[in-house]
Amino acid sequence: MNIPSKYDPASVEDKWYSYWMENGFFRSTPDTREPYTIVIPPPNVTGVLHMGHMLNNTLQDVLIRRARMQGKNALWVPGTDHASIATEARVVNKLAEEGIKKTDLTREQFLEHAWKWTHKHGGIILEQLKKLGASCDWDRTCFTMDEALSESVIQVFVDLFNKGLVYRGVRMVNWDPQALTAVSDEEVIHKEVASKLYYLRYKVEGEEEYITIATTRPETILGDTAVCVHPEDERFTKFHGKKVLVPLIKRPVPIIVDAYVDREFGTGALKITPAHDINDYELGLKHNLESIDIFNDNGTLNEAALLLVGEDRFKARKLIVPMLEEAGNLVKTEDYMNKVGFSERTDAVIEPKLSLQWFLKMKELGVPALEHVMNDDVQLQPAKFKNTYRHWMENVKDWCISRQLWWGHRIPAYFYGEGPNDYVVAVSIEEAVKLAVEKTGKTSLQAADLRQDEDVLDTWFSSWLWPISVFDGIRNPDNEDINYYYPTNDLVTAPEILFFWVARMIIAGYEYRNEKPFNSVYLTGIVRDHQRRKMSKSLGNSPDPIELMKKYSADGVRVGMLFCSPAGNDLLFDEGLTEQGRNFSNKIWNAFRLIKSWEVDSQLEQPAHSAEAVQWFEAQMAKAFIEVEDQFNKYRVSDALMIVYKLFWDEFSSWYLESVKPAYQKPIDALSYKRTIAFFDQLLHMLHPFMPFITEEIWHLISDRAKGESLMISAMPAPDHYNKVLIGQVEAIKEVITHVRSIRKDKNIPPREGLKLMVRTSSGAAYHSHLESVIIKLAMLSGVEMIQEEPASAVSFMVRNVEYFVPLEGLVNTAEEIEKMEAELDYTRGFLLSVQKKMSNERFVQHAPAQVVEKERQKMTDAEGKIAALETQIAKLKAQA
RNA sequence: GGGAGCUUAGCUCAGCUGGUUCAGAGCACCUGCCUUACAAGCAGGGGGUCACUGGUUCGAAUCCAGUAGUUCCCA
């Protein structure tokens with residue numbers, strides 16, 4: 001058979017993905033098995049795959065494939081999120097390119113465009129996930145704006161409203177003047193910005209005195225309604241109860257006193273603009289100040305500003321400074337670093353703004369969600385995030401759930417009049433008419449008389465139901481799916497959305513199922529480049545995942561991602577790691593090629609070295625299975641992979657295969673062949689969750705398989721014990737072999753030239769003679785001989801107190817040998833001294849556990865034996881010289 | 001300003017309830033090999049006062065306190 005020496009993934013990956021799909025291996029329906037469920041964190045419907053998705057979904061696929069092979073009924077539910085702000089922004093941009101303004105369209109027309117866009121681009125990302133090998137049940141693909149999910153959202157809103165938890169109110173919100181919508185606190189990103197601090201003096205009314213304040217936003221003075229000083233600040237006592245004139249517009253405003261003012265900052269006097277600063281707003285409420293809103297929704301100044309009407313806020317800032325200077329109000333300007341809030345979605349500077357919004361009361365709802373995370377009913381992996389979580393939940397604020405957008409779930413509130421409370425909340429307009437009639441007594445009210453709220457709900461208000469709504473558990477709370485699959489097992493997501501999403505899902509879970517949505521949350525790190533910069537489109541430092549998979553194969557990229565992804569730590573992605581992943585594929589491929597090239601001779605007896613190697617590898621592999629299981633239980637997927645990687649590369653390829661490998665063009669015995677194939681088969685099982693494609697390919701090539709058989713649905717071996725003693729013995733003979741190889745290299749002896757190894761045991765040290773034939777084979781020896789007297793002219797070494805000699809006539813440099821041994825003797829003496837010191841310390845012998853003391857005693861006798869052996873050898877060598 | 005975390009080899013990180021699995025892994029590096037499975041490879045090898053200072057202890061990378069640097073979250 002002629003198999004190429006390089007594995008070619010391109011021809012393999014699509015073939016097996018189709019095979020899996022055709023056979024319905026990804027599908028799941030409730031049955032009597034234990035379920036294992038993951039719901040995907042739904043990516044934005046119009047998004048494209050980035051490195052964060054790659055990491056996230058690789059992890060999910062590893063978990064789900066492993067669970068499936070462990071005999072669980074594994075279900076991974078895929079889907080997408082409508083992402084109102086992001087998607088609407090894209091649609092607006094696209095329309096703008098076509099010369100269409102959103103304001104020219106009706107809501108219905110705009111939504112038509114948005115749906116078209118969604119259908120065109122939606123699902124691209126899901127197709128990309130298939131390339132990665134994601135074993136989702138695609139028949140269950142959900143979208144947050146599917147009918148069932150939308151109805152669930154509306155039903156929940158109505159329910160929460162009826163429970164008195166949803167309310168409408170005027171609040172200071174984070175206004176995005178570009179998207180023209182309020183955004184939640186969590187969607188505001190604070191960044192340090194170099195700006196200026198302007199010192200402005202306000203004339204005291206009726207006097208020739210001035211109060212100087214400092215501000216970074218001079219344009220907002222037009223909305224000032226007070227100046228505030230600290231009550232105990234003596235500099236200002238004389239002004240208490242007086243008024244100052246706002247510069248330029250000369251509006252008299254009161255000087256108020258409040259301990260809120262930081263006397264040390266700026267001048268110790270603070271201008272108060274309740275409409276445009278959250279702290280000022282609070283003070284305004286406390287002191288009954290007027291609130292003057294000087295901005296339009298798009299960030300330009302309105303009539304209330306009196307000056308610079310129609311100018312953008314940043315232009316107004318530039319323009320007002322010279323005006324203030326001319327009027328004699330500008331005292332000085334300083335450079336200043338301050339934190340400014342930016343919109344996560346549009347990057348516009350957030351404007352604090354008073355507006356009428358819908359809110360959800362969070363305090364009460366949050367109680368079980370906090371409790372069940374703190375007591376580990378819901379486990380955060382890694383647990384360090386519990387602190388952060390608690391901090392947030394203990395300080396949770398009401399959630400502003402309305403957005404001034406069209407793309408999303410429209411708020412089901414229907415107004416029948418102009419009053420602030422002239423509305424009803426209902427799941428449908430028919431229901432709303434009924435309620436409105438009831439509420440008003442006006443039996444003549446009809447659907448046409450009602451006007452639905454224009455706003456839509458925050459996207460997270462639908463995704464917080466995701467683990468329930470994908471199983472239709474809101475509308476049909478007792479259906480078979482939700483009863484079987486919920487709560488789900490693991491959620492894999494980024495810590496950045498711990499509060500946006502994870503916390504709220506937990507809240508919704510307890511509110512609507514009286515049960516957690518998932519057992520564990522695996523928080524992945526952020527994918528960064530090797531300079532620790534976050535990977536982003538704007539920096540251009542993110543590789544295209546699809547290109548990466550083309551270059552290094554899906555398996556290679558999966559392995560590359562996992563190599564650098566300890567849970568909760570950011571990962572520094574490096575293309576070198578995907579290369580390592582690809583190289584690993586190749587290694588597996590070549591091991592397969594080797595085995596496949598063997599010819600079997602059933603007449604042949606199994607050689608001793610093969611029998612020994614088989615026994616040993618069986619133990620070594622069982623050990624690895626047990627360790628992998630342990631790592632998975634700790635969600636240390638990266639470490640689990642490393643165990644498999646080393647098992648395959650070092651133990652299996654470098655030690656085991658080299659031991660059983662027949663000489664060139666010689667056949668192998670049937671028993672060794674059979675065992676080797678069986679080992680390979682098990683290794684493929686172990687590897688499959690990480691590298692599904694190459695393992696499936698080889699699994700089909702290595703033995704005859706029936707139609708419809710697949711590695712992905714075959715059972716994962718689960719040994720529960722292994723021969724620890726044997727593994728320890730093999731570790732010792734590996735050292736022996738390495739020593740011999742090293743001597744060979746030092747002395748430049750070609751591999752063909754057989755060396756003789758002599759062994760001397762004393763003081764009870766054990767030489768593992770049953771493993772001798774492995775030593776002979778791998779160290780390429782001509783023979784092994786047990787001796788009493790050390791031979792003349794030999795290089796020697798010690799492994800675990802057994803002395804080994806390689807006689808090398810004419811090649812031994814006696815002086816060098818002596819030097820080497822004396823160095824080792826020195827070290828061992830020092831070591832012995834430190835142990836003796838410990839043993840002669842009575843407090844150690846008394847306080848330390850007996851086991852520890854016993855170990856120390858053993859070390860002492862070992863070292864003593866070693867010293868004795870070295871001393872006699874050195875003496876002998878010296879006598880010769 | 002408040003809170004949390006991190007600091008171990010050139011890089012990325014393991015080291016759980018203090019004691020030979022204690023100074024480890026992978027990559028990178030150095031040396032020699034195109035040895036018929038694999039140069040995307042094989043064999044051999046060199047790297048670290050465990051940030052600093054003090055404390056607890058018979059014993060500290062590990063526990064405690066402080067210092068410095070660094071990252072993140074919240075305001």
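Each chain gets a letter, A, B and so on, in the order the sequences are listed, and its residues count up from 1.
Between the CZ atom of A:Phe499 and the P atom of B:G3 there is a distance of 16 Å, rounded to whole Å. Atom C1' of nucleotide B:C33 and atom CE of A:Met780 are separated by 12 Å, given to the nearest angstrom. If you take CD1 of A:Ile743 and C1' of B:G45, they are 15 Å apart, rounded to a whole angstrom. Remark: C1' of B:A40 and CG of A:Asp8 are 14 Å apart, rounded to the nearest angstrom.
Side-chain N/O atoms of A:Arg741 include one lying less than 4.0 angstrom from OP1 or OP2 on B:G44. Taking side-chain N and O atoms only, A:Lys587 has a distance below 4.0 Å to OP1 or OP2 of B:C42. The side chain of A:Thr388 contributes no N or O atom lying less than 4.0 Å from OP1 or OP2 of B:G3. Note on A:Asn583: a side-chain N or O is less than 4.0 Å away from OP1 or OP2 of B:G41. The side chain of A:Arg857 contributes no N or O atom lying less than 4.0 Å from OP1 or OP2 of B:G19.
Comparing the same atom, P, in B:G44 and in B:C50 gives a spacing of 30 Å after rounding to whole Å. For the C1' atoms, the distance from B:U53 to B:G10 is 28 Å, rounded to whole Å. B:G48 and B:G54 are spaced 23 Å apart, taking the C1' atom of each and rounding to whole Å. Taking the C1' atoms as reference points, B:U70 lies 27 Å from B:C22, given to the whole Å.
For A:Lys623 and A:Glu651, the salt-bridge test fails: no basic side-chain N is under 4.0 Å from an acidic carboxylate O. Salt-bridge formation is not detected for the pair A:Lys777/A:Glu658: no Lys NZ or Arg NE/NH1/NH2 atom is positioned less than 4.0 Å from an Asp or Glu carboxylate oxygen.
Residue-level contact check: A:Tyr645 touches the backbone only, with heavy atoms under 4.0 Å from sugar-phosphate atoms and none from bases. Across all strands, A:Ser597 comes closer than 4.0 Å to no nucleic acid atom at all (heavy-atom distances). At the heavy-atom level, A:Glu856 lies nowhere under 4.0 Å from the strands shown. Using a 4.0 Å heavy-atom cutoff across all strands shown, A:Trp649 reaches sugar-phosphate atoms only and no base atom. Using a 4.0 Å heavy-atom cutoff across all strands shown, A:Lys397 reaches sugar-phosphate atoms only and no base atom. The residue A:Lys646 sits close only to the backbone: its heavy atoms come under 4.0 Å of sugar-phosphate atoms, none of a base.
With a cut-off of 3.5 Å on both pairing distances, the Watson-Crick and G-U wobble pairs of RNA chain B assemble into stems of 3 or more at B:1-7 with B:68-74, B:10-13 with B:24-27, B:29-33 with B:41-45, B:51-55 with B:63-67.
B:G46 adopts an anti glycosidic conformation, its chi angle falling more than 90° from 0.
In the set B:C38, B:A43, B:C74, the nucleotide with an atom closest to the side chain of A:His391 is B:C74. Closest to the side chain of A:Asn586, from the set B:U20, B:C38, B:A43, is B:C38. Across B:A40, B:G5, B:A37, the shortest atom-to-atom separation from the side chain of A:Lys384 is found for B:G5.
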**Report entry** Worked check of side-chain contact (heavy atoms from CB on, under 4.5 Å) between A:Lys666 and A:Tyr664
**Finding:** CA-CA 5 Å; A:Lys666 291 274 165 51; A:Tyr664 181 54; over 6 Å; no

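Applying the side chain to side chain donor-acceptor pair (under 3.5 Å) test to every pair with at least one member in residues 576-585 of chain A, sequence neighbours left out, gives these pairs: A:Gln580-A:Tyr645.
RNA chain B lies under 4.0 Å from at least one heavy atom of each of the following residues of residues 731-739 of chain A: A:Thr738.
For B:A43, its base never sits under 3.5 Å from the side chain of A:Glu658 at any donor and acceptor pair.
A:Tyr804 and A:Ser796 share no side-chain donor-acceptor pair at under 3.5 Å.
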